[in-house]
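Whatever order the structure lists them in is the order used to number ligands and atoms, beginning at 1. Here the structure is a predicted model, which is why all the values come from computation and not from measurement.
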Amino acid sequence: MRGQSRDFGPSGGAFERMWAELAPVGRAASTGGYRRFAWTRTDAELREWFTGEARARSLEVVGDRAGNLWAWTGDPDAAAAAGRPGLALGSHLDSVPDGGAFDGPLGVVSAFAALDLLREQGFRPPRPIGIGCFADEEGARFGIACAGSKLLTGVLDADRARALTDADGTTLAEAMAAAGAGPGDLGRDDEALRRIGTFLELHVEQGRGLVHAGAAVGVAESIWPHGRWRLDLRGRADHAGTTRLADRDDPMLALAAAVLAARSAAERHGAVATVGKLRVEPNGVNAIPSAVTAWLDARGPAEDDVRAVVADVGGAAGTGPVEESWTPPTTFDPALRDRLAAALARPDGTPAPVLPTGAGHDAGILAAAGIPTAMLFVRNPTGVSHSPAEHAEPDDCRAGVAALARAVQALL
Ligand code: GLV
Ligand code: MN
Ligand code: MN
């Protein structure tokens, strides 16, 4: 961690060591960003790291039918059978293309550090504590965000998941098999779900709400409804120098109209919309494209407004956007949220800030599946995320670990 003081607190050494170990994994020298994509060699390295950290703490690591990893204290099955299912922490280790260091890993590293802190304090958990590492949260390779939690809860159909392809045409099933995982087992995992009585994800904030609130740590209130759509724009390949403008059928023009419509519709409807990924065929400077595929990400506080943006983009593009994923609005358990805000009250007694977010999280998928779930955010001084510039100050990361440990005590 850049600028990290050596004194990270009681468990500081471990946090610093874990952060330093993860720092080079999947880092692109050209940009300084992370390229940690599901079921790649980098992903395998991250999974090995997770397993090593768990084993070093005498935690048993179990995979689930969705490709996620879980490290548990005690016997989570016996506890679940006795009606006292565990408290699971955790987040993800994968990234968007050229992502930052904090989105995901901060939650996993903080979970291990919080467990260390609780143990150092002599805390004896009355229920098992788990640490989860979700597979493919960003959907950077196969297109579906939160694929691990959606498979785990049955929101993503296993056959559909197996058939998803990456940019090279490799299916998820092929990628999992190549990584030594069993794609045939994919599917909702009731056994794994039964172990999770409560889920708590710590995450770097991806905005400046905590900067404005003047707090290092806050509690999530809700997640905006959001989704991904594909625009398949077809044209006719031809020569860039000899084809008269009037004779062209250029799908890039429809793309340009769609991108501008996304921006203006988002402004009109109080939402946000982004076209961040394109595939152009044949992708030659001197060839009119035969096809352009574009992906639209749209989100906002209200579902109707998001849907209206997507409809406007489709109108401008002249083709209906194909929905690839949709996540309805999520409101985190208000009682849990308020308990955490009170447990993490500031020195003057005011509860920790409670904030909505436009970012998607595995915690939102578990909450929608009926698991009592909460999230903590750690201040991000610039608010920048999904970028190599993503950052959180060491002091705030330290506050996050302490808050997570306090939250565990408050919830168990
Ligand atoms: C995940 O970070 C998302 O919000 O897309
Ligand atoms: Mn992310
Ligand atoms: Mn994340």
Side-chain angles (χ1 to χ4, degrees), residues 22 26 33-38 43 46 50 68 89-111 131-150 155-156 199-207 209 218 220-230 266 271-277 295-301 306 323-330 332 355-368 373-380 382-392 397 400 404:
L22 285 177
Y34 288 94
R35 298 175 187 170
R36 295 168 167 168
F37 306 139
D43 191 47
L46 294 164
F50 179 87
N68 310 306
L89 313 175
S91 190
H92 62 97
L93 294 176
D94 66 304
S95 76
V96 296
D98 284 329
F102 294 80
D103 177 354
L106 184 64
V108 176
V109 169
S110 297
I131 300 179
C133 178
F134 283 100
D136 205 4
E137 192 271 353
E138 300 287 4
R141 184 172 177 194
F142 292 103
I144 303 285
C146 296
S149 52
K150 286 179 179 165
V155 172
L156 174 59
F199 182 68
L200 176 58
E201 178 170 2
L202 176 145
H203 204 280
V204 67
E205 197 198 348
Q206 296 166 293
E221 177 188 55
S222 54
I223 296 179
W224 285 0
H226 57 282
R228 294 180 182 187
W229 291 262
R230 196 183 69 244
V272 290
T274 308
V275 177
K277 181 175 167 181
W295 282 267
L296 170 73
D297 179 308
R299 316 179 187 212
V306 178
E323 187 172 296
E324 292 199 335
S325 64
W326 171 252
T327 305
T330 307
F332 289 107
L355 322 156
T357 180
H361 298 286
D362 295 305
I365 306 301
L366 296 195
T373 298
M375 287 191 78
L376 301 184
F377 291 134
V378 171
R379 177 164 52 194
N380 175 339
T382 61
V384 172
S385 185
H386 286 186
S387 150
E390 183 181 82
H391 186 65
C397 294
L404 195 54

Test ring-ring contact (aromatic ring centres under 6.0 Å, His included) applied to Phe37 - qualifying residues, sequence neighbours left out
none

Drop me the distance from Trp326's CH2 to His226's NE2, to the nearest 0.5 angstrom.
8.5 Å

Give the table of side-chain donor-acceptor pairs shorter than 3.5 Å for residues 133-143, with sequence neighbours excluded, one pair per line with atom names and distance.
{"from": "Asp136", "atom 1": "OD1", "to": "Gly139", "atom 2": "N", "distance (Å)": "3.1"}
{"from": "Glu137", "atom 1": "OE1", "to": "His92", "atom 2": "NE2", "distance (Å)": "3.3"}
{"from": "Glu138", "atom 1": "OE1", "to": "His386", "atom 2": "NE2", "distance (Å)": "3.4"}
{"from": "Glu138", "atom 1": "OE2", "to": "His386", "atom 2": "NE2", "distance (Å)": "3.4"}
{"from": "Arg141", "atom 1": "NE", "to": "Asp166", "atom 2": "OD2", "distance (Å)": "2.9"}
{"from": "Arg141", "atom 1": "NH1", "to": "Ala38", "atom 2": "O", "distance (Å)": "2.9"}
{"from": "Arg141", "atom 1": "NH1", "to": "Trp39", "atom 2": "O", "distance (Å)": "3.3"}
{"from": "Arg141", "atom 1": "NH2", "to": "Asp166", "atom 2": "OD2", "distance (Å)": "2.9"}

Ligand 1 polar-atom proximity to protein (N/O, under 3.5 Å):
{"from": "ligand 1", "atom 1": "2 (O)", "to": "Glu138", "atom 2": "OE1", "distance (Å)": "3.1"}
{"from": "ligand 1", "atom 1": "2 (O)", "to": "His386", "atom 2": "NE2", "distance (Å)": "3.0"}
{"from": "ligand 1", "atom 1": "4 (O)", "to": "Arg299", "atom 2": "NH1", "distance (Å)": "2.7"}
{"from": "ligand 1", "atom 1": "4 (O)", "to": "Arg299", "atom 2": "NH2", "distance (Å)": "3.3"}
{"from": "ligand 1", "atom 1": "4 (O)", "to": "Gly360", "atom 2": "N", "distance (Å)": "2.7"}
{"from": "ligand 1", "atom 1": "5 (O)", "to": "Arg299", "atom 2": "NH2", "distance (Å)": "2.7"}

Which atom name does His386 have for its N/O/S atom nearest to the Mn ion (ligand 2)?
NE2

Nearest 0.5 Å, what's the CD1-SG distance between Ile365 and Cys146?
4.5 Å

Fit a plane to each ring of His203 and His361, take the angle between them on a 0 to 90° scale, and name the class: parallel (under 30°), tilted (30 to 60°) or perpendicular (over 60°).
perpendicular

Determine, step by step, whether Arg35 and Asp98 satisfy the salt bridge (charged side-chain N to carboxylate O under 4.0 Å, His left out) criterion, reporting the C-alpha distance in whole Å, the side-chain angles of both residues, the deciding distance to 0.1 Å, and the verdict.
CA-CA 5 Å; Arg35 298 175 187 170; Asp98 284 329; 2.9 Å; yes

Take Glu324 and Arg230, measure what salt bridge (charged side-chain N to carboxylate O under 4.0 Å, His left out) needs, and give me the verdict at the end.
CA-CA 7 Å; Glu324 292 199 335; Arg230 196 183 69 244; 2.9 Å; yes

Could you tally the protein N/O/S atoms lying less than 2.8 Å away from the Mn ion (ligand 3)?
3

Going from CD on Glu221 to CG on Leu355, what distance comes out if it is rounded to the nearest 0.5 angstrom?
8.0 Å

Side chain proximity check, Thr327 to Ile223, heavy atoms < 4.5 angstrom:
no

Check whether Thr382 reaches the backbone of Val384 with its side chain - one donor and one acceptor, N or O, closer than 3.5 Å.
yes

